[in-house]
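Counting begins at 1 with the first residue of the sequence.
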Amino acid sequence: MRPDKSVRLPASQITFGVICLCLGVLPAWFYGGAHWATQFWLILVGFLVGLGWWGLQLKEKSAIPISRKLQAILFIALLCTVWTVLQTVPVPSWARILPVFQGSQLKTVYLVEHDSLPNTNISDSREVNAKRLAEPSYRTWASSMDPIHSLAAIGSFALIVIVVLCSYRFIGSSSSLIYLTLLLLMCNATLISLLGIIEKVSPGDWTLLEMKVSNSFATFVSRSSAAAFLNVGLAAAVGCFALQSRLDHAYRVNPTYRSTQTTVLGRIRAQFEEAIIEISTPKAIILICSVIIFVGILISLSRAGTICSIAAMVSLFSIHLFRKHFFVSVGMLAILLFLSFAALQYLDKLDTVRTRLESLSGENLTVDAGRLTAWNSALSAAGDVWLGGGGLGNFHYTYLPFQNRPMETWFYHAESMFLQALVDLGILGLLSFVFLGGVTVYLTKQLLAPTKNSTCRAIGSALLFIVISLGLHSLIDFSLILPGIYLPIAILIGIGLAVENDSPSLTKSSRKKSSRKYTSSNTDETEKRYIPSFVLLLPCLTFAIAFAAIRPKVSSESFSHLLEQWSEKHEDSTKNLLAIIREGETQLKTFTNEGELNISMAKAYTQLYRVTMRDQKQMAWEDTLPLYARDSFYKRNRIENLNVDELLQNPTASDALKKARLCWLRAHYALPLDWRPHWGLVELDFVDTDNSNSAAHLDHLRVLARNRPELLMTASIASLDYPGPDSAFTMLKQVAGDYTLKAPAVLKVAYRAFGDRALSEEFVPPQASIMLYLAESLPSINASPDSLKIFWNTIYQHLQKLPNQDRNKSTLLAYYYHETGDIENEYLTLLEAVNRSPMNTYTRYLLAKNLILRKELDKAEVHIEFCLRQEPAKKEFLQLRDELTRERVPLPEIKP
């Protein structure tokens, strides 16, 4: 690294360096750069930077010096970009047999075939039924699940290239800019950490960005992403501290005047005194910032972020951050941890953090197995699209058909960068991600070599912290896809490449060795290490493609946000909604086939229908759902020959539903693996009965919406009228088997619809926990005595197959004997059930009733009192206590 204390930096270097710093600092303040609007501006700035730099290169007639490691990074980014573009190219039908195009074949399986698609011009309702558009060809599907999303996402690769090149060329050549960069990254993380801490300790739910998500932190929607970002800031603080040590070198005590110590305690004392002397004001400020950042990581309650941060700290200091000052390093680590936990104690958050970390126990991980389920589904999807991938950024569509267990949420990401790369880009994506990680590790190893200067070791220390913390974090999280995180990392990598390439070795032997190695071909190697300026046009071309593809995504995002702000309770709700719809129709004319925009427009038209029906018939808002109109249509259509206009008798309402169905249909063609259009088309299948295919949509919902039991319940109830009870029976049975908490509600609905058939084995799964839940909620079903007998016989048949180790078996047997009137066996099984589950109040309640019948009143009183302590207001328990009182004090006989 050449010193630049007295060298005036060129204006171009300062300009491009500052822009690069803005790209690394600002995205974190806009939800980590997660929104399409932020991506739009990042891509626009990146395009202007690349174009301006290319013009500057042409003017100066110079080339960019480049190292082999930087060549590898550029090659990988270019390869992933080209592969992503190829994923969006239409695939002919004959090529779908190839493994690389399995993603295209998967889409066609879930695409419901319609004879025709209505006219795309929805501005005039008279043309909706008057014109038809030819059906899109199923033979030209691309391998990407959502090609527009994939093309919009390739801007990330171009941003990485531009930022790495800018930091390599304009920041890495100046030690002043390097220090400023590390300082800004550290201060940025400190400010966001302070914001998150203030939000967490403030009374109420105050947040700067008004985020209502429970696991948000500062400007990040996800606390795990926030922790990953703060770890990058902590890495910058490590680099700052090391560089400050170099700047403070002139003020250190002359070692000539130090006393030589021979004892161990003497050496420790000398090291301690040296550490005290070396703590300057800038170092103290850096240490305070590090404490604030680390406290933010802890308060974010991200288990992965906290553990990875501590692991990176311990690893970094254990391999001698300053090499010659091991005790200083260990002392700094101890001070950092002590101050951080002292701050937690002061903020009254220490117990919260400890409780969160203790939730990593094996039992809790088994209960909270959302990530494990998502990884299992992701691995199944990867096995099908391992070669071609499902398209960059399309994991949330690719994994859905491979769910083998219900999940509580719709995972937009694989919760692991390695799986995300594999599912999105296939084996090429996984290898590219691993290769880039390997290049970074190798670069870090070279920067930390003993022969390198202090600047190299400072940047190497920062990169080592990132490699350990973010490398481990990426195993169980997806945060690296956020620009607010990967752009600062790209800056540090670019600086590391620059200082490693420009730094001479410090020892004479290494300089001689290097000189002998390159003397014979110095000129040729120098020429090979330069890259032509036209290479800057490649990311510019990528930016242009992403810029064109991201516009419909930005339009969809802005319209969706606009619709979310609307409320039916506002006095001008109809007027406001019509203005929103006019804005959406304008955007839809430009981006007709954008899936997300059509979904939002379908919701807007549905809201217009509901507002119209509410105002016309003075209905309650809850009664204006299209499902009620659907139910009325199929019930009346058995006698009358109706259409939607005759049913609603309101042109505005019927026209709104026609337009909503058209938008759902377009969204379904654009996003065949999205569950939302399937449900929308089922809800509005009565609008166009000639072209409806509810059975197929419901069948696909059973696979694509397994993580939404409420949706499947509603869909099954809707299908009772059309397409028929068979479809409803299948979906209800799936909900009963997959969701324990929904089993009683499902059984209640199924009993009303199917009678005794619902109480057979099909709606009483053999899982003991579900059977127990059903048995305890049986009174709400109001089944007939004969039906109850069928139900308990089914339970008994399942019980014969359960192992004796199952603690619920004895409880279920007790319930069975209670229903059949076998008091003796009921008593024995209840005793065993209470021993196995002493906190089950209903079991103790049954045992107390049994004991009263057996006239063992003292024992019964013990169990009744326990039940009342747990649930003092429960009516059944109070009545049983009264019954016990009457048994103890019998009423006096009245003599005639």
Side-chain angles (χ1 to χ4, degrees), residues 1-26 42 44-67 69-71 73-74 158-188 236 239-240 243-244 246-247 443 447 452-456 458-459 462 487-504 523 525-540 543:
M1 170 60 59
R2 294 184 298 271
D4 54 355
K5 295 179 180 179
S6 59
V7 178
R8 186 173 182 178
L9 300 177
S12 60
Q13 182 172 358
I14 296 176
T15 301
F16 283 103
V18 169
I19 294 175
C20 182
L21 281 176
C22 291
L23 286 173
V25 169
L26 294 180
L42 287 175
L44 181 60
V45 172
F47 175 77
L48 295 177
V49 169
L51 204 60
W53 190 3
W54 177 71
L56 182 66
Q57 290 289 94
L58 290 181
K59 180 181 178 181
E60 296 179 352
K61 297 181 180 180
S62 60
I64 307 171
I66 190 169
S67 66
K69 287 180 281 295
L70 183 53
Q71 289 179 18
I73 292 175
L74 297 180
L159 278 173
I160 291 173
V161 170
I162 287 294
V163 170
V164 169
L165 284 176
C166 276
S167 56
Y168 176 86
R169 177 67 179 85
F170 299 111
I171 298 178
S173 59
S174 167
S175 58
S176 301
L177 285 179
I178 291 174
Y179 187 76
L180 177 64
T181 299
L182 293 174
L183 197 63
L184 284 178
L185 293 179
M186 180 192 70
C187 292
N188 191 46
C240 259
L243 277 181
Q244 187 62 42
R246 170 196 168 192
L247 296 176
L443 171 64
L447 288 171
K452 295 296 183 181
N453 59 29
S454 57
T455 302
C456 287
I459 300 300
L487 289 179
I489 296 175
I491 290 176
L492 292 177
I493 290 176
I495 293 174
L497 289 168
V499 297
E500 189 273 334
N501 188 51
D502 196 36
S503 173
T523 304
E525 284 294 319
T526 303
E527 292 178 356
K528 289 180 180 179
R529 292 172 59 197
Y530 281 79
I531 188 170
S533 61
F534 73 84
V535 172
L536 285 171
L537 288 179
L538 296 178
C540 289
F543 281 135

ask   = Would you say the side chain of L74 lies within less than 4.5 Å of the side chain of L165, judging by non-hydrogen atoms?
value = yes
Sub-4.5 Å side-chain heavy-atom contact between F543 and L159 = yes
query = How long is the span from the CD1 atom in I178 to the CD1 atom in I491, to the nearest 0.5 Å?
reply = 12.5 Å
message = How close do C20 and S167 get, counting heavy atoms only, and between which atoms?
response = SG-N, 3.9 Å
query = Do I19 and L48 touch side chain to side chain, with heavy atoms closer than 4.5 Å?
reply = no
query = Going from CD1 on I459 to CD1 on I493, what distance comes out if it is rounded to the nearest 0.5 angstrom?
reply = 12.0 Å
message = For I171, is there any backbone N or O sitting under 3.5 Å from a side-chain donor or acceptor partner on S174?
response = no
message = Just verifying a value: how many Å separate S176 OG and L243 CG, rounded to the nearest 0.5 Å?
response = 10.5 Å
inquiry  = For a 4.5 angstrom cut-off between non-hydrogen side-chain atoms, does C166 reach V49?
reply    = yes
request  = Classify the ring geometry between F170 and F16 as parallel (under 30°), tilted (30 to 60°) or perpendicular (over 60°).
outcome  = parallel
query = Quick one: does I495's side chain get under 4.5 Å of L182's, heavy atoms only?
reply = no
ask   = If you take all heavy atoms of G50 and C540, which pair is closest and at what distance?
value = C-SG, 3.5 Å
L56 side, atom CG; T15 side, atom OG1 - distance, nearest 0.5 Å = 9.5 Å
note = So CG of L21 and CG of L487: to nearest 0.5 Å the spacing works out to 11.5 Å
ask   = Between S67 and E500, is any side-chain donor less than 3.5 angstrom from a side-chain acceptor?
value = no
Rounded distance (nearest 0.5 Å) linking atom CG of L51 with atom CD1 of I162 = 9.5 Å
ask   = Taking all non-hydrogen atoms of both residues, which atom of G172 and which atom of V499 are closest, and how far apart?
value = O-CG1, 3.9 Å
